[in-house]
Amino acid sequence: MDALVLQDVRKSYGTREAVHGISLKVHEGEIYGLIGHNGAGKTTTLRMISTLLRITSGSISVYGHDVSSEPDEVRKIISYLPEDAGAYKDLTGRAYLQFMASFFASGPERDAMVEKGITLADLGDRIDSKVDTYSKGMMRRLLIARAIMPSPKLAILDEVTSGLDVINSYEIREIIRSIAAGGVTVVMSSHNMFEVDMLCDRVGMIDQGNLILEGTPTDLKREYGMDTLEEVFVKAVRG
Ligand code: ATP
């Protein structure tokens, strides 16, 4: 089943078109990476999928639900983690997860969701420290736990490991792998070509609002005769 289908999706900001008719499909359980240079249109695309930005034309469906006509149905099955997401700094990590879980469930169901979040965040006893004492890596683990604990069918992650050290990036990639293995579809953006190569089943490259290439990392490297996805990226953009 297709978890996500974009058909000729366009987005204009005023008179300027930022996304010029993107079409793509993401299969259930797949990890799909969106890559592209700064300003290419990745976040705009992810925000349209997340129902946070109205599409100008075209259509997007998430597990068969249209983002424009059924946004509430879409919101029930997705989780979006923006690049610049933050948490309430005066709360402890545990209290933050409890607060966020209360939007989705109550009673024992909420408690189970919070326990799942605590396990995913894997912050040890620091889960009971205030969020404003967290390092960037700890904060990102808390946020990804918050995004995943309601068991979305589609997780939309914008530059989720940006600025993190090797160990935190590695562990977040492990979390992404494990949720995908559990059946969650993941659409993520990243500037880290090593990460995309290691993690993503398929990759779509956006350049100036257009999807200019798509495929598995292995196929793209073979097609371009390159050893790394970074070299494919440079060759595709420079021509
Ligand atoms: P980055 O990798 O730097 O995060 P991106 O690929 O996510 O970039 P977008 O943030 O989607 O790119 O931006 C695509 C284009 O749309 C850019 O030219 C940007 O300036 C423009 N844009 C984004 N948001 C707005 C907005 N709210 N109003 C006007 N233009 C916008």
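All values derive from a computational prediction rather than experimental measurement. Every number for a ligand or one of its atoms is a count from 1 in the order of the listing.
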Residue among Ile78, Ile60, Ile77 satisfying side chain to side chain contact (heavy atoms under 4.5 Å, CB included) with His65: Ile77
Sequence neighbours excluded and cut-off under 3.5 Å, please list the side-chain donor-acceptor pairs for residues 180-197, or say none.
from	atom 1	to	atom 2	distance (Å)
Thr185	OG1	Gly29	N	2.9
Thr185	OG1	Tyr63	OH	2.8
Ser189	OG	Asp158	OD1	2.5
Ser189	OG	Glu159	N	3.1
Ser190	OG	Asn192	N	2.9
Ser190	OG	Glu195	OE2	3.0
His191	NE2	Glu159	OE2	3.2
Asn192	OD1	Phe194	N	3.1
Asn192	OD1	Glu195	N	3.0
Glu195	OE1	Thr161	OG1	2.5
Glu195	OE1	Arg173	NH1	3.0
Glu195	OE2	Thr161	OG1	3.0
Asp197	OD1	Lys221	NZ	3.2
Asp197	OD2	Lys221	NZ	2.9

Side-chain donor/acceptor of Lys42 to backbone N/O of Ile35, under 3.5 Å: no
Residues, nucleotides or ligands: over 12 heavy atoms within 6.0 Å of Glu231 CD: yes
Set of salt bridge (Lys or Arg N to Asp or Glu O under 4.0 Å) partners for Asp72, sequence neighbours left out: Arg75
Under 4.0 Å from ligand 1 - residues by heavy atom, chain and number: Tyr13, Arg16, Ala18, His37, Asn38, Gly39, Ala40, Gly41, Lys42, Thr43, Thr44, Glu159, His191
Which atom pairs, donor and acceptor, lie under 3.5 Å between side-chain atoms of residues 145-155 and protein residues at least two apart or in another chain?
from	atom 1	to	atom 2	distance (Å)
Arg146	NE	Tyr96	OH	3.2
Ser151	OG	Lys116	NZ	2.6

